[in-house]
2 protein chains.
Amino acid sequence: MANKPTADRAGTAATLQRGKACLRCRKRKMKCDGVKPACQQCVRAKKGDGCEYDDGKGKTRTQLLKETISKLEDRVRELETPSGVPASVMLFDPHDFSGSSPDSFGSPDSTYLSAFPTASDSSASPSTSWSQLQGAASPLVGGPSLNDMFFDERHSPFQPSNDASVMLLDIFAPHARQCGLEIDMESLRQSVALPITEQRHSTFLNAIYLWACFVSRPEPLSQNEDHYLQLSLDALPDALQTGNFIDAIRASCLLSMYFLSNGRLAEGAYHASAAAALADQLRLGRQSELEDVKCMKAGAYEAERIFAFWQVFNLDRCWSVVLQKQPVLTDGPAPRSMITVPWPQEIAEYKMGHVSSSQVPTIQTFLSGSISANGFSSAALRVKASALLSQAHRLADKCYPGMKVSAQFIEEINNLEHVIALFCSTLMPIDQLDTLLLEEKYSTIVAHTLAQTAVVFLHRFFAAENQTSNEKCAQAARICASMIKRIGEKEFGFLDPVIGPSWSWVADSVVSRLDRLEMSWPLSDTSDVRAELATFAFAMSTISLHFPVVAPALSRVQKRLV
Amino acid sequence: MANKPTADRAGTAATLQRGKACLRCRKRKMKCDGVKPACQQCVRAKKGDGCEYDDGKGKTRTQLLKETISKLEDRVRELETPSGVPASVMLFDPHDFSGSSPDSFGSPDSTYLSAFPTASDSSASPSTSWSQLQGAASPLVGGPSLNDMFFDERHSPFQPSNDASVMLLDIFAPHARQCGLEIDMESLRQSVALPITEQRHSTFLNAIYLWACFVSRPEPLSQNEDHYLQLSLDALPDALQTGNFIDAIRASCLLSMYFLSNGRLAEGAYHASAAAALADQLRLGRQSELEDVKCMKAGAYEAERIFAFWQVFNLDRCWSVVLQKQPVLTDGPAPRSMITVPWPQEIAEYKMGHVSSSQVPTIQTFLSGSISANGFSSAALRVKASALLSQAHRLADKCYPGMKVSAQFIEEINNLEHVIALFCSTLMPIDQLDTLLLEEKYSTIVAHTLAQTAVVFLHRFFAAENQTSNEKCAQAARICASMIKRIGEKEFGFLDPVIGPSWSWVADSVVSRLDRLEMSWPLSDTSDVRAELATFAFAMSTISLHFPVVAPALSRVQKRLV
DNA sequence: GCGCGATTATCGCGTCCATT
DNA sequence: AATGGACGCGATAATCGCGC
Ligand SMILES: [Zn+2]
Ligand SMILES: [Zn+2]
Ligand SMILES: [Zn+2]
Ligand SMILES: [Zn+2]
C-alpha cells in the first residue's frame, strides 16, 4: 500500500509527484509542498497569489504534447479554410431563429437540439453555447521556425475544429442508440483532443457529424448534412484500404441508416449490404479467439468488434425487411458460419473488463426458444427484436397465394410465435415504460413494436381465412397503438427510424382488417378500427417529419382514412 | 557494478541501448545485436541488405512529437502572415533518391499489351505503340516523384484526354469479358467523343481505365492504377446520388473484381455485396415490365440492365464461394423474388432489337434440369457455370463432420450433378477448343473449369469414404488439368480471374487424394497424381502473376509438392 | 520464423538538496 | 535567489516468450 513515492505516514512529504510542483518552485528549484491554492514557499515569499500550477490534470507529458499537436492542427485547419464558407456555415447560431423554417415545425425551443425532450437538466451536455465556441480562439504559441512541410497527407479540407467536433458529438450523443451506434461516447469525446492520426478514422467521425446535423433538422446546422456526407463517403475507400475495417463498417452503417431514413433506398441498400459483407469477411460474427481479455486495449477492441457486429446485424436484419430482400449477414447453416459472438453488454461492463462468452450460436439458440442467462442488456434486447422481425419475415415471405401449407410450416410459425411471446415477457411492460430512463424507454418501445410486427408478419397471410390469426393481428396492432399513445410528440425524433416502416406494416394489417370488415358487414361500426388506424397515421406522419422514408406508406394509410 | 547497459566485458551484449536496434528487429520485436551494416537477425533471415538503422539523430518519440509541434507552429505562423512570404516549400527532401526508376521489366514485346496473344492481325486492336500510348494516355506515367505525391490533391482531375480514353478502351477491350463486362465496346468507344454529360458516368469509365492499366502490368501504364482507382471510387457516391445506378453497379463490379483479383478481399467483398444489393433494389433480376421494346434507346437500356444484372450475378455467385459467404443476390424462394430476367444474348442480337423474354424463373428452371431453347450465348453459358458453382457450394457447405446424410440430400446432389453433366454437353468439347474465337475459347475454358469445380464440391466431402466420389473428383481434376495444357502461357492473362481460386479448389482435392493414397499404400507410385498437381501448381503460379489472389493457395500446393 | 502481449531495462526529465 | 547536479520516477525502447 501507499506506494506514494513519499508520504511517510504522517505529513512528511519527501518528494512531490512529477508535475505537481508549482511553477515558481520549479523555476527556483526549491521544494514545493504542492498545496493549493498556494504552496508554503510561495506564501513565505509573499507571492501567494502568484502560486500557479500547470493544468496537468491526469495528463502525461506525452498526452500534453499530443494535445498541443491537436490544437495546432485545428488551428492550421482553420487558417487553411479558404476565407471560409463551409467552416463558418456550421457556426450558425442555432438560437438565431430569424430566418429559419417557414413551415412551423413546432415551437422553437431547444429540444431540437440534443437534450432529451423531458430530460432533467442533469444531462451531460456541456454548457458551451454557440457564441462561446465562435469566440474560442486557439491559443497560439510562438516557437522556432523550421520550414518543412508536414508530410501528413490527407487532411481533408473543412474538418470541424476540435471544439466544434465536441459540440457535434454532444448533439449526437442522445441519438446514438437510435441509429444503432452503441459506443462509449465519453472516450470518443475525449479522443478528438488527440492528433488526427490517433483519432477514429474520418469516415466514421464524419458519419457521426452527419447524423448530428441530421437530427438537428430543421436547425441551420442541418445545412451541413451534405458536407459531412461528402466527407464521410470520400474517406470510406481510404478506411478500407488502410485496414480501418471497424471504422469503415460503423461508418457504412451510419451512412446507410441516413440514406434509408431519408428514403434514399438504393444508396441505403448499397451501404448496408457492403457493411454486412465486410463484417462477414472479418468474421465478426464468430466469437473471437482471445478467450480472456487481458489488457485494457484488447478489451476495448473486442468491445468495438462486438458492438460493430451487432450494429450491422440490426441494420441488416431490420432493413432487409424494409427493402424486401434477403438479409446478407451469414448465420449458418454450417456450424462454422453461425453467429457465435456474445450478446452485447452494457458499455460499463466492457469498461470493467467483463466480457461474457460462450461458443453457442447466439441467435439460433435464441430463436429456438432456449432461455439464456445473458443477453438482457438493452442492446441485446434490441438485437433480439431484429432477429425476430427478420425471422418472421422470412417465414412470411414463403407464403404466396395458392401455396400449400405444410404442417411443418405451421409448426415453425407456432414456434416462432412462442419465442416472441417469451421475448416480450423479458421487456419492461408497456404500462411501466415511464419508469425507465428515456434512452431505455425509446429502445424498449422499438423492441416491443418490432416484436408485434413480427407477430403480424406471421399471421397476416392467414388473417382473412383464420379467425385466430385475424385476432392475433388485431391484438398486435392494439399493443402498438397503445404504445404510440405513450410517446410524447417531441419524443418521436428519438426513436429508431425502423419503427416507421414497422408501424406501416402493422397499419397495413389494420387496413386489411378494415377492408374485410366493411366487405363482410357493410353496415357495422368500424369507428374503433378507424380510430386505431388514425393513431398509426398520426405516428407515421409525426415520424415522417424526421424520417421521410415512411412518407409513401403514410400517404397510403391516409388515403384509406379518407 | 556492471549494470553497464550493454557490453558485459566480452561480447555478451545484454540489452542494446535505446535507439540502437535495427528497424526490422524493432518491428519483429526480437533481439538485435546492433551490428552494422547488418545485424545477425537480418543476416540469418537473408534480409541482410535490408537491415537498416534509423539515422542516429534523436528520434525518441517525444522528440518526434516536439518536432511535429514546431512544424505546425511554423505552419501556423506562415498562414497567419497576411502578406506572407510564400514560405519556401520543402527545401529538402530527406527521401529524395533522385532517379529511382522502377527496375526495367522484361522485354517490352507487345504481348503485355492487350491484343490477344496469338491473335491474327485481323484483330480490332489498334496498332498503337507503347510509346504513343505513354505519351498520350497517361499524364502520370513518368515515375511519380515524391514531390508529385506531396502536391497530389486527392482529386487531381487528370482525366485522360479523348484520344487517351480511346486508347485505354482499346487496351481494355480484349479483357472485357474476362472481368465480366459484357458491353458494346464499339459504342462505348464512340461515346468518348460526346460531351461529358452524355457519356457514361465517370465512376464507370474510370473503373474501365483502371482495368486497362491493371491488365497492362507490368508495363509502365500500370502505374496509373491507383490514379484511376481513386477517381472511380471518388465518383461512386455521385453516381448513386444522381441515379446512375447501372453505371454504379457496373463500376462496383469492376472495382470489386479488381480488388478480389489482387487479393484485397475485404474491399472486394465490400463492393461486390454493395453491387448485388443495388441490383436487388432495382429489381434487375425481374423481367422488366416493358414487354416490347419500341425505340432503339429503350432497347439499348434494356440490354444494359440485363448485362449489368448478369455481371453482378457472376460476381456474386462465384466470389461468394471464394469468400466463403452466402451469395447476396436474391433468387426466391417467393415467386415474386425469383430471377426471371432472360438469359444474356449476344450483343449483336440486342443491337438488332431482339430481346427474348419469358416469365419463367431463369436460374431455378435451369438448375432444376429443364432444357430451354435459349441461353446458349457464351455469356449465358458463363452465367450458368456461375450458378452451378454456387449451388454446388451451397450443398457442400451443408456438410460437416458428423452430419447425418439424408436421402433427400443425396437426391439433391445427384440432381445437380446431372444438371452439370447436361450443361457440359452444351459447351464446346475440350478437344475442339481451338476452333473457337479466342474470346470464346477463354470463356469456354472458364465455364468448363467452373463446372468441374462444382463436381468436386459435390463429391469432395465423400471422397474419403466413397470410391465413386473419389473417382468423380479425380475425373474432374483430370479434365481441368487437360484444359490447362491447352492454355498458352500468354493466354493466362485473359482468363476470368475466378479460375485461379477454382483451380486451387480442384488442386486441394488432388492433394487430399494424394494424402489418402500415401496413407493407404505408402509404397505406391504416386508420380501421376503428383504430375497432375504440378500442372495445377504451374497454372496457379502463372495466373498469380496476373491475379495475386491465388498466391496463398499456390504456396500451399507448392509446399505439398515439396 | 511471425505477430504480439507481457516484461525488463534505459534514459529523459522533474524534483529539490546543497552550494554559491 | 540562482543553479549544478544527485536522485529516482515513469515513459518508452528492447526483448522475451508463447501460440501458430
Ligand atoms: Zn511551490
Ligand atoms: Zn507556489
Ligand atoms: Zn537487428
Ligand atoms: Zn537488422
Side-chain angles (χ1 to χ4, degrees), chain A residues 2-8 12-35 39-47 50-56 58-67 198 243 288-302 353 355, chain B residues 1-8 12-35 39-48 50-67 552 555-556 559:
Chain A
N3 56 349
K4 286 271 185 72
T6 26
D8 198 64
T12 354
T15 301
L16 219 47
Q17 288 212 319
R18 311 187 107 210
K20 293 290 204 285
C22 85
L23 299 184
R24 209 181 78 102
C25 290
R26 268 184 210 176
K27 176 122 271 184
R28 306 268 169 264
K29 292 199 183 187
M30 329 173 291
K31 168 111 185 88
C32 179
D33 57 16
V35 171
C39 71
Q40 273 313 302
Q41 296 286 354
C42 289
V43 170
R44 196 170 308 144
K46 301 185 184 172
K47 299 277 172 53
C51 179
E52 290 175 279
Y53 292 86
D54 70 357
D55 158 31
K59 322 243 172 163
T60 68
R61 274 190 299 286
T62 320
Q63 209 149 1
L64 241 27
L65 283 177
K66 283 179 179 174
E67 238 163 76
E198 301 184 31
S288 89
E289 317 306 291
L290 331 162
E291 65 282 356
D292 61 350
V293 180
K294 314 125 220 220
C295 75
M296 202 56 193
K297 198 171 168 187
Y301 183 66
E302 190 56 26
V355 179
Chain B
M1 60 173 282
N3 57 350
K4 284 273 187 69
T6 15
D8 195 72
T12 349
T15 353
L16 219 46
Q17 282 189 321
R18 293 172 144 233
K20 294 286 200 270
C22 86
L23 299 184
R24 209 181 79 99
C25 291
R26 265 188 219 180
K27 174 131 283 190
R28 300 252 158 285
K29 299 208 227 183
M30 27 187 237
K31 173 111 184 85
C32 181
D33 58 16
V35 171
C39 74
Q40 240 5 85
Q41 294 284 354
C42 289
V43 171
R44 197 170 307 138
K46 294 185 227 167
K47 299 274 168 55
C51 180
E52 290 176 273
Y53 291 86
D54 67 3
D55 68 34
K57 295 315 163 196
K59 283 305 182 228
T60 164
R61 188 71 124 242
T62 40
Q63 237 159 315
L64 218 46
L65 286 177
K66 284 182 175 173
E67 202 174 313
S555 73
R556 268 201 328 268
K559 198 167 296 166

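Naming: A, B, ... by sequence-line order, numbering from 1 per chain.
Rounding to whole angstrom units, CZ of residue A/Arg26 and C1' of D/dG4 are separated by 19 Å. Summarising the geometry, the separation between NZ on A/Lys31 and C1' on D/dC7 is reported as 13 Å, rounded to the nearest angstrom. Protein atom CG of A/Leu16 is 16 Å distant from nucleotide atom P of D/dG8, rounded to whole Å. In this structure, NZ of A/Lys27 is placed 15 Å from C1' of C/dT15, rounded to the nearest angstrom. Remark: P of C/dG14 and OH of A/Tyr53 are 17 Å apart, rounded to the nearest angstrom. Rounded to a whole Å, the CE atom of A/Met30 is 7 Å from the P atom of D/dA1. Between the CZ atom of A/Arg24 and the C1' atom of C/dT15 there is a distance of 16 Å, rounded to whole Å.
Residue B/Lys20 is classed as a sugar-phosphate contact, given heavy-atom separations below 4.0 Å to backbone atoms only. Looking at heavy-atom distances under 4.0 Å, B/Cys25 makes no contact with the nucleic acid at all.
Between A/Lys47 and B/Ala21, the one whose closest nucleotide on DNA chain D sits nearer the 5' end is A/Lys47. Mapped onto DNA chain C by nearest heavy atom, A/Arg18 and A/Lys29 fall at different nucleotides, with A/Arg18 at the one closer to the 5' end.
Between the NZ atom in B/Lys47 and the CD atom in B/Glu52 there is a gap of 13.0 Å [rounded to 0.5 Å].
Residue A/Arg28 places at least one side-chain N or O under 4.0 Å from the OP1 or OP2 atom of D/dA2. The shortest distance between the side-chain N/O atoms of B/Gln17 and the OP1/OP2 oxygens of C/dC11 is below 4.0 Å.
Minimum heavy-atom separation, B/Cys22 to B/Cys32: N-SG, 3.3 Å.
Looking only at distances, a side-chain donor or acceptor of B/Gln41 sits under 3.5 Å from a matching main-chain atom of B/Lys31. Judged purely by atom type and a 3.5 angstrom limit, B/Tyr53 uses its side chain to pair as donor or acceptor with the backbone of B/Val35.
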